Amino acid sequence: EDQVTQSPEALRLQEGESSSLNCSYTVSGLRGLFWYRQDPGKGPEFLFTLYSAGEEKEKERLKATLTKKESFLHITAPKPEDSATYLCAASLLTGGGNKLTFGTGTQLKVEL
Amino acid sequence: GAGVSQSPSNKVTEKGKDVELRCDPISGHTALYWYRQRLGQGLEFLIYFQGNSAPDKSGLPSDRFSAERTGESVSTLTIQRTQQEDSAVYLCASSQLTSTDTQYFGPGTRLTVL
């Protein structure tokens with residue numbers, strides 16, 4: 001069964017304290033790995049898509065990386081405004097369209 | 001430009017009633033997706049539209065759930081005879097094409113079934 005697992009479930013950081021979020025996937029064939037940010041009461045906001053092992057993408061304090069089994073979202077020197085739930089999702093080669101299989105998310109809290 | 005919009009933002013209904021949830025995708029986006037997010041769980045795929053056709057309905061949890069799309073634009077998700085387990089946030093997303101294009105999400109409709 002295709003599965004996406006995120007860890008940790010929750011993470012509390014001090015401002016400026018860098019860390020990484022993990023997304024491991026067990027899927028029959030990966031088309032793409034997506035990262036989204038979700039604020040309370042809002043829909044997910046797109047961050048990155050990664051397509052092949054070794055690929056990296058960066059945006060401000062965030063960097064996403066991909067291996068054959070997992071993806072990491074590295075947060076460098078986070079600020080309180082980075083507090084949110086971070087979701088990863090896999091798009092599979094099988095089947096039509098681009099339906100995403102989501103993990104349950106990592107809830108990040110950055111404190112002053 | 002305008003993003004994906006959904007209405008209503010909140011819906012409270014009684015068990016057994018029917019509800020309709022609406023999604024207005026980004027103009028020109030041919031693919032439209034519905035997901036459900038239950039408390040403490042990941043987003044679950046429900047159905048996807050390519051144009052006005054729904055090639056994949058595999059995520060609809062029962063025959064009480066149906067969806068349609070008209071004019072390659074607005075989509076409506078209908079839940080008949082609602083049950084308490086239908087309580088969730090229903091999210092709609094659209095993308096320009098289907099292959100690997102990014103899905104842009106609306107704010108969701110929070111459905112509470114009493």
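Predicted model, so just to flag it, every value in this text is computed and none were measured. A, B, ... follow the sequence lines: proteins, then strands. Residue 1 opens every chain. These numbers come from the heavy atoms of this one structure, side chains and all, not from hydrogens, waters or symmetry mates.
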* Between B:F105 and A:F46, is the ring centre distance below 6.0 Å? -> no
* Just wondering, are more than 12 heavy atoms of other shown residues or ligands nearer than 6.0 Å to CD in A:Q107? -> no
* Asked: Using a heavy-atom distance cut-off of less than 4.5 Å, which residues of residues 87-94 of chain B contact chain A?
  -> B:L91
* Asked: Is atom CG of B:L39 surrounded by more than 12 heavy atoms (other residues, nucleotides or ligands) closer than 6.0 Å?
  -> no
* Quick one: do A:F72 and A:I75 end up in the same hydrophobic cluster if we chain Ile, Leu, Val, Met, Phe, Trp and Tyr together by side-chain heavy atoms under 4.5 Å apart? -> no
* Structure fact -> Applying side chain to side chain contact (heavy atoms under 4.5 Å, CB included) to A:T5 and not counting sequence neighbours gives A:Q3, A:S24
* **Residue part contacting chain B, namely of A:Q38, when any heavy atom lies under 4.5 Å** => side chain
* To do: Count the heavy atoms belonging to other residues, nucleotides or ligands that lie under 6.0 Å from CD of B:Q41, then report whether that count exceeds 12.
  => yes
* Asked: In the single-linkage hydrophobic clustering (I, L, V, M, F, W, Y; side-chain heavy atoms under 4.5 Å), do A:L50 and A:L62 co-cluster?
  -> yes
* Asked: Applying the 4.5 Å side-chain criterion to the ILVMFWY set and letting contacts propagate, would A:L73 and A:L108 be lumped into a single cluster?
  -> yes
* Verify the cluster assignment for A:L47 and A:V4: are they in a single hydrophobic cluster under the rule of side-chain heavy atoms below 4.5 Å apart? => yes
* **Backbone N/O of A:G43 and side chain of B:Q37: donor-acceptor pair under 3.5 Å** => no
* Structure fact -> Closest heavy-atom pair, A:K99 versus B:Y33, reported as atoms and distance to 0.1 Å, is N-CE2, 3.8 Å
* **Heavy-atom closest contact (A:P44 atom, B:L43 atom, distance)** => CG-CD2, 4.2 Å
* ILVMFWY network linking B:L46 to B:V113, side-chain heavy atoms under 4.5 angstrom -> yes
* Under 6.0 Å from the CD atom of A:Q14, do we count more than 12 heavy atoms belonging to anything else shown? -> yes
* At what distance, to the nearest 0.5 angstrom, does CG of A:N98 lie from OG1 of B:T102? -> 8.5 Å
* Asked: Which residues from residues 57-66 of chain B are near chain A, with near meaning under 4.5 Å between non-hydrogen atoms?
  -> B:S58
* **Qualifying residues under side chain to side chain contact (heavy atoms under 4.5 Å, CB included), relative to B:P107, sequence neighbours excluded** => B:Q6
* Asked: Just wondering, are more than 12 heavy atoms of other shown residues or ligands nearer than 6.0 Å to NZ in A:K57?
  -> yes
* Using atom types as modelled and distance alone, determine if a side-chain donor or acceptor of B:Y35 lies under 3.5 Å from a backbone N or O of A:F102. => no
